[in-house]
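Data first, discussion second: the structure below is written as structure tokens.
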Amino acid sequence: MTTTMSSIPAVIKGGSFLIETRKPEEVFTPEDLTDQHRLIAQTAEEFVQREIIPRLKEIEEKKPGLLRELLKKAGELGLLATDIAQKYGGLELDKISSIIISEKMARDGAWASTIGAQAGIGILPIAFFGTEAQKQKYVPRLARGEWVGAYCLSEASSASDALHCKTKATLSPDGKHYILNGAKMWITNGGIADIYIVFARIDGEKFTAFIVERNFPGVSPGAEEHKMGIQGSSTTPLNLQDAPVPVENVLGEIGKGHQIAFNILNMGRLKLGAGCIGGCKVLIVPTLQWAKERQAFGRPIADFGMIKEKLGTMVARIYAAESMSYRSAGMIDRLLEGVDQGAPEAALQILEALQEYAVECSILKVAGTEALDYVADEAVQIFGGYGFSADYEVERTYRDQRVNRIFEGTNEINRLLIVDMLLKRSMKGELALIPAAQRVLDEVLGPTSLDEEEDGILAAETRLVEGAKRVALLVAGAAVQKYLQALSEEQEVIGGLSNVIIEVYSMESALLRAQKKLSREAGEIARLHCEAARCYIHEAADRVEMEARRVLPRVAEGDALRSCMALLRRFLKRSPVDTIELKRHLADRALELGRHPFA
Ligand SMILES: Cc1cc2nc3c(=O)[nH]c(=O)nc-3n(C[C@H](O)[C@H](O)[C@H](O)COP(=O)(O)OP(=O)(O)OC[C@H]3O[C@@H](n4cnc5c(N)ncnc54)[C@H](O)[C@@H]3O)c2cc1C
């Protein structure tokens with residue numbers, strides 16, 4: 001089976017994975033990478049090996065000028081410009097290329113956040129929302145890394161609810177400038193930037209974005225924050241004291257700054273999720289090596305079942321997260337196929353594509369950051385006391401990765417968004433979730449298609465994925481029925497539902513990837529794909545069941561609850577699978593290769 005972009009249907013609606021069944025050939029997988037993608041991966045990898053790894057210590061110690069120098073070198077190779085139109089000095093590459101670069105840059109957390117901020121939230125607001133003059137003036141120099149960009153949304157008293165910012169803009173009496181006053185906080189690249197995208201309220205009301213140059217009067221970055229991790233990156237406040245910003249530097253429409261703030265974050269979430277998966281693949285390498293070399297009780301610790309269990313879990317989680325990352329980027333690319341990126345309407349089309357898959361981007365952000373959280377935590381555990389020592393890199397990675405669950409929208413905010421966006425689409429009639437949920441509730445009266453057992457490789461897992469989708473619809477339907485508009489006050493229910501939805505997307509992405517591999521070849525590698533998918537899906541089914549059991553008694557009672565619980569059992573009916581054996585095998589293969597086996 002060969003997959004080109006055109007095998008992916010153009011009309012896959014964002015969030016439709018809950019109510020539709022996809023075929024393996026309809027998703028992009030890491031096995032579908034083209035020669036051009038591999039070349040980009042090689043360029044990015046060589047850059048990291050040549051420029052970043054030898055300078056990790058200097059980065060960590062914040063050697064003056066180093067980050068700017070590295071950004072410039074990355075810019076010369078085009079690593080900052082994948083998402084930018086050629087007309088403005090960009091490469092106009094697809095989103096698969098963007099996530100490949102994010103994965104590779106994840107070799108070091110501080111560097112990943114520096115380049116991530118530059119190539120994403122630093123440049124894209126102007127590239128997507130700027131006027132022609134703003135694009136011509138700023139984008140090429142930012143894309144080449146000659147100028148550094150930063151994005152200033154958060155403040156000391158508001159970040160998750162950034163629309164309530166206190167920074168104010170007032171039009172000067174001669175109408176030529178907006179005078180900005182306020183203080184932004186937590187600004188990545190704040191200390192080294194030339195250009196700041198600042199969000200402020202005009203007259204304390206209209207939330208608007210501005211392009212602020214560092215050398216404008218009254219603009220001054222504050223001192224570097226002392227952080228738990230990514231210490232080599234620059235994070236500062238930005239103080240604005242009667243700072244005059246020319247009116248032509250208003251970015252986008254007055255009062256519509258939220259469109260910039262939130263749309264740009266969709267891209268950030270896609271890339272951060274992918275970057276974290278890259279981080280997992282980097283970190284598993286020294287962990288495997290250590291497990292092989294470290295002896296305890298006269299044997300390498302890799303021989304111990306509890307260590308193998310951790311390694312096998314890492315492999316399965318990375319497999320699932322990677323599958324959904326490429327699937328998501330592939331859908332965005334498919335939607336953008338044929339778009340002339342130099343055309344004036346291109347920015348809008350790109351933003352619409354990202355908005356279409358905003359649910360998937362949020363899912364990827366949560367799943368990717370939490371996969372890395374797991375891998376980093378267990379890597380420290382496998383290193384034992386040495387993992388707690390600053391002499392070993394896992395200690396730093398453990399600290400560095402922690403911030404990923406906090407920025408680009410905390411994972412709590414993203415969990416809320418996933419459900420909120422899906423329900424809003426459903427209310428608007430864009431996604432038929434409520435009728436699907438109703439059909440699921442009706443299944444209590446009759447047989448369900450899932451009652452029939454099917455034989456074959458991955459048949460049980462296919463059934464479980466379908467069952468998990470129905471569980472998501474069951475919980476969503478019961479929750480909406482009970483709480484209607486008041487559901488937003490039931491955050492524990494939303495969180496549980498979100499967890500089920502995240503698992504559904506992960507499970508299905510892993511399944512489709514394994515099925516696709518299997519359809520192409522039947523050898524040992526394909527079997528390993530199937531093992532990773534089986535392992536992930538069966539454990540995820542347990543988690544889905546647990547979440548549903550926790551939430552359903554909150555959203556149904558009496559006979560209705562009993563019906564829901566009966567449906568839950570039917571939807572997730574499964575024969576036990578020996579995941580211990582599966583994980584041993586996945587771990588053994590990773591130990592043999594010294595890396596994630598699907599890299
Ligand atoms: C190293 C670093 C770099 C950063 N870089 C940038 C940058 O470049 N530009 C920028 O603008 N910002 C940046 N940030 C800020 C970051 O985006 C915010 O820290 C983040 O959005 C969380 O906001 P907060 O810190 O105000 O926490 P709060 O919003 O106060 O949240 C605290 C806790 O409450 C939870 N919470 C908040 N609201 C809700 C709710 N409605 N329901 C349930 N739980 C909720 C949160 O999930 C979190 O667990 C950076 C932060 C760090 C640490």
Side-chain angles (χ1 to χ4, degrees), residues 62 67 108-125 148-167 182-193 195-200 207 209-210 212 221-240 251 257-258 260-265 267-269 271-272 275-276 362 365-366 369-370 373 396 399-420 487-499:
K62 286 201 167 75
L67 290 179
D108 176 65
W111 169 247
S113 72
T114 303
I115 187 170
Q118 170 78 359
I121 53 183
I123 304 181
L124 298 183
V148 176
Y151 175 88
C152 313
L153 181 63
S154 303
E155 297 184 1
S157 60
S158 62
S160 295
D161 57 348
L163 295 186
H164 294 109
C165 75
K166 291 192 178 140
T167 300
K184 294 290 171 176
M185 198 170 170
W186 302 118
I187 306 310
T188 302
N189 292 345
I192 59 168
I195 308 296
Y196 299 91
I197 308 298
V198 175
F199 292 86
F207 188 73
F210 297 85
V212 177
E224 289 288 343
E225 300 290 343
H226 296 288
K227 299 176 299 227
M228 174 196 287
I230 54 170
Q231 289 173 355
S233 69
S234 169
T235 314
T236 69
L238 181 73
N239 300 310
L240 299 151
L251 182 60
H258 60 283
I260 303 180
F262 298 139
N263 277 311
I264 292 300
L265 285 177
M267 176 79 104
R269 287 168 188 156
K271 288 192 185 182
L272 180 60
C276 286
S362 280
K365 194 275 174 176
V366 174
T369 58
E370 294 183 2
D373 210 42
R396 181 159 54 77
R399 289 185 289 102
D400 283 352
Q401 63 80 30
R402 184 61 184 84
V403 73
N404 295 318
R405 284 166 52 204
I406 297 172
F407 56 25
E408 302 283 357
T410 65
N411 284 17
E412 289 75 25
I413 295 291
N414 273 288
R415 283 186 159 91
L416 294 174
L417 283 174
I418 290 165
V419 171
D420 185 57
L487 183 58
S488 61
E489 291 305 313
E490 293 290 314
Q491 283 203 349
E492 301 91 325
V493 170
I494 296 176
L497 175 56
S498 210
N499 287 340

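As the structure lists them, so they are numbered: ligands from 1, and atoms in each ligand from 1.
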Fill in: Distance in Å, Q491 CD paired with L497 CG, rounded so as to fall on 0.5 Å steps
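Here the interatomic distance stands at 13.0 Å.
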
Item to complete: Rounded to the nearest 0.5 Å, what's the gap from OG1 on T369 to CG on N414? Could you check?
Response: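 Going from the OG1 atom of T369 to the CG atom of N414 covers 8.0 Å.
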
Should [X] be counted as touching ligand 1, given the test is an N or O pair under 3.5 Å?
| X | answer |
| --- | --- |
| E412 | yes |
| Y151 | yes |
| K227 | no |

Item to complete: May I ask you to identify the nearest protein heavy atom to atom 51 (C) of ligand 1, giving residue, atom name and distance to one decimal place in Å?
Response: W186 CB, 3.6 Å

Worksheet item: Among protein heavy atoms, which lies nearest atom 42 (N) of ligand 1, and at what distance?
Response: Q491 NE2, 2.9 Å

Practice prompt. Just go through A117, S154, S160 and tell me whose heavy atom is the nearest to atom 11 (O) of ligand 1.
Written response: S154

As a test of the contact definition, would [atom] count as having a protein heavy-atom neighbour under 4.0 Å?
| atom | answer |
| --- | --- |
| atom 36 (N) of ligand 1 | no |
| atom 30 (O) of ligand 1 | no |
| atom 15 (C) of ligand 1 | yes |
| atom 53 (C) of ligand 1 | yes |
| atom 22 (C) of ligand 1 | yes |

For [X], which part has a heavy atom under 4.0 Å from ligand 1: side chain, backbone, both, or neither?
| X | answer |
| --- | --- |
| E225 | neither |
| D161 | neither |
| V403 | side chain |

Discussion item. Distance under 4.0 Å to a non-hydrogen atom of T410: what atoms of ligand 1 satisfy this?
Written reply: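 Selected atoms, number and element: 22 (C), 46 (C), 47 (O).
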
Response to the item:
Note: ligand 1 atoms sitting under 4.0 Å from heavy atoms of T188 are 3 (C), 4 (C), 5 (N), 6 (C), 7 (C), 8 (O)

Worksheet item: Does a side chain donor of either S158 or K166 reach within less than 3.5 Å of an acceptor in the other side chain?
Response: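 Their side chains do not contain a donor-acceptor pair, so the 3.5 Å distance test is not met.
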
Contact check, side chains of [X] and [Y], non-hydrogen atoms, under 4.5 Å:
| X | Y | value |
| --- | --- | --- |
| C152 | M185 | no |
| I413 | L417 | yes |
| S234 | T188 | no |

Fill in: R269 and E408 ion-paired at < 4.0 Å
no

Discussion item. Taking E370 first and then R415, would you say they form a salt bridge - that is, a charged N and a carboxylate O separated by under 4.0 Å?
Written reply: yes

Worksheet item: Using the benzene-type ring in the case of Trp, are the ring centres of Y151 and Y196 under 6.0 Å apart?
Response: no

